[in-house]
Amino acid sequence: MSVNDRPTGQPPSATYDSAFLRACRREPVPHTPVWFMRQAGRSLPEYRKVREGVPMLESCMRPELVTEITLQPVRRHGVDAAIYFSDIVVPLKAIGIDLDIKPGVGPVVEQPVRTRADLARLRDLTPEDVSYVTEAIGLLTRELGATPLIGFAGAPFTLASYLVEGGPSRTYENAKAMMYGDPELWADLLDRLAEITSVFLQVQIEAGASAVQLFDSWAGALAPADYRRSVLPASAKVFDAVAGYGVPRIHFGVGTGELLGLMGEAGADVVGVDWRVRLDDAVRRVGPGKALQGNLDPTVLFAGPDAVRAKAREVLDSAAGLEGHVFNLGHGVMPSTDPDALTRLVEYVHEQTA
Ligand code: CP3
């Protein structure tokens, strides 16, 4: 089944005709749909309040808390889609990897994966390992009604970057050393991560997610030839594993201007673009048949209402000739963003495109 087929043999879901899913399928829309990566989180006072005293990873395992946090930006900003509140390292934690998310730092892995023996610690993920995800999505889809829920996972390269480095990195020297120096181990690691990621996305779709996004946030560190040889096959395997569900698949990375064509080839229905490439240029790089998502620079939100409107207008102008545009930032909402600036931006995009 492709994303353009209405599901048969079952009633169409309440979200099927939403502006967001229509844009992903490149169908006409009542207005350009808007959502923001990291729309749930520290920019919202109501988020900081419910997270008080609860460590990040623990909050991801409490279905009622996940439901509340996921709904907060939908209530406040009127965005066209919710994104499931979790983190890319949750499936790794679920298979027993000793890791934590350190405030202000990010994911930290106790014993980095550097050898073939380390690889054996990455066992299969089963739906039972993440039963709290199934439960939370059940609660969420009932609350969301006609608003679609986006499920997500980290792409094999971005997950590998944390696993091999042991934490956040600017250079990815250990991960790239494995990629260049032991291509067989690297390929096996990425393939293992592709299997884990595929199951994690399947669980979310089967529980009721209407779309999925693969975050390959750090893929922009790679040259196109290395991406093609050493990363694309694993991401393509993930997109393939969820193709049969007919839900839109979004592929996102930062600094990936030179990789957009290859990211299109990996198989997604929608390709995310950051602010470095105009959308009318990005569409030529990505190739035909795909919708685009993006691409306002998240720092524009610090520049005051007039500047935000002017820069948002530029994004809409660069998207004017596209079939299928989902308005988003080029990367996640920064924690110190004024939430009112986000609410005004949603209103502006809706009003300009209605
Ligand atoms: O609203 C949403 O978008 C859903 C929530 C979401 C989180 N992480 C929650 C979170 C999503 C989609 C992610 C994905 C994620 N996690 C990515 C890919 C997206 C991107 O930004 O490129 C990456 C690279 C990670 C790894 C990670 N987790 C980082 C770099 C951090 C930040 C560390 C910090 O404190 O600055 C995290 C922690 C994290 N994930 C937070 C949230 C809300 C902050 C922790 C907190 O609120 O206490």
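As the structure lists them, so they are numbered: ligands from 1, and atoms in each ligand from 1.
- Atom 48 (O) of ligand 1 has R51 NH1, 2.9 Å as its closest protein atom, hydrogens excluded (heavy atom only).
- Using a non-hydrogen distance threshold of 4.0 Å, Q213 does not register as a contact of ligand 1.
- Using 4.0 Å as the threshold, G104 has a heavy atom nearer than that to some atom of ligand 1.
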Name every donor-acceptor pair, under 3.5 Å, that has one atom in a side chain of residues 176-183 and the other anywhere in the protein, sequence neighbours excluded.
from	atom 1	to	atom 2	distance (Å)
K176	NZ	A221	O	2.9
Y180	OH	D226	OD2	3.4
D182	OD1	L185	N	3.3

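- Close approach of ligand 1 to R42 (heavy-atom distance below 4.0 Å) involves ligand atoms 34 (C), 35 (O), 36 (O), 44 (C), 47 (O).
- At under 3.5 Å, a nitrogen or oxygen of D87, whether backbone or side chain, sits near a nitrogen or oxygen of ligand 1.
- Residues V333 and M37 are not in side-chain contact: their nearest non-hydrogen atoms beyond the backbone lie 4.5 Å or more apart.
- Per-residue contacts place M37 under 4.0 angstrom from the following atoms of ligand 1 (heavy atoms of the residue considered): 3 (O).
- The shortest N or O to N or O distance between H331 and ligand 1 is below 3.5 Å.
- Residues F215 and F152 bring their aromatic ring centres within 6.0 Å.
- Of the candidates I150, V90, D216, I88, I88 brings a heavy atom nearest to atom 23 (C) of ligand 1.
- W35 places no side-chain N or O within 3.5 Å of a backbone atom of A82 that could act as its donor or acceptor partner.
- The protein non-hydrogen atom at the shortest distance from atom 13 (C) of ligand 1 is R38 NE, 3.5 Å.
- In this structure, F252 and H331 have tilted ring planes: the angle between them lies in the 30° to 60° band.
- Protein heavy atom closest to atom 10 (C) of ligand 1, with residue, atom name and distance, is M56 CE, 3.2 Å.
- H31 and D80 form a side-chain donor-acceptor contact under 3.5 Å, judged by distance and modelled atom types alone.
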Kindly determine whether T115 and D118 satisfy side-chain hydrogen bond (donor to acceptor under 3.5 Å, both in side chains), including the steps that lead there.
CA-CA 5 Å; T115 65; D118 293 332; 3.2 Å; yes
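- With ligand atoms numbered from 1 in the order given, ligand 1 contributes 43 (C), 46 (C), 47 (O) to contacts under 4.0 Å with heavy atoms of Y47.
- By the 3.5 Å distance cut-off applied to N or O atoms, F85 is not counted among the residues near ligand 1.
- For the pair R25 and F20, the NZ or CZ position fails the cation-pi test of under 6.0 Å to the six-membered ring centre and within 45 degrees of the ring normal.
- Distances below 4.0 Å separate heavy atoms of S217 from the following atoms of ligand 1: 18 (C), 19 (C), 20 (C), 22 (O).
- Here the heavy atom of the protein found nearest to atom 38 (C) of ligand 1 is I101 CG2, 3.4 Å.
- By the criterion of a heavy-atom distance under 4.0 Å, the backbone of P103, and not its side chain, is placed next to ligand 1.
- Looking at ligand 1, you won't find any N or O of T158 less than 3.5 Å from one of its N or O atoms.
- Using a distance-only test at 3.5 Å, with no hydrogens or angles considered, a donor-acceptor pair links the side chain of N295 to the main chain of D274.
- In this structure, the protein non-hydrogen atom closest to atom 1 (O) of ligand 1 is A40 N, 3.0 Å.
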Would you check, one step at a time, whether the test salt bridge (Lys or Arg N to Asp or Glu O under 4.0 Å) holds for R313 with D317?
CA-CA 6 Å; R313 188 64 250 172; D317 289 343; 2.9 Å; yes
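- Here's the thing with W218: none of its N/O atoms is less than 3.5 angstrom from an N/O atom of ligand 1.
- For S86, every heavy-atom contact with ligand 1 shorter than 4.0 Å involves the backbone, none the side chain.
- Selection from Y162, F152, W35 by nearest heavy atom to atom 30 (C) of ligand 1 gives Y162.
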Kindly list each side-chain donor-acceptor pair under 3.5 angstrom involving residues 91-107, sequence neighbours excluded, with atom names and distances?
from	atom 1	to	atom 2	distance (Å)
K93	NZ	L99	O	3.0

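- Heavy-atom proximity to atom 26 (C) of ligand 1, evaluated over P107, A153, P298, is greatest for P107.
- A donor-acceptor pair under 3.5 Å links the side-chain atoms of Q202 to the main chain of A241, judged by distance alone.
- Atom-to-atom distance recorded for E135:CD and L140:CG is 11.0 Å, nearest 0.5 angstrom.
- Every atom of ligand 1 is numbered from 1 in the order shown, and the set under 4.0 Å from a heavy atom of I83 is 1 (O), 2 (C), 3 (O), 4 (C).
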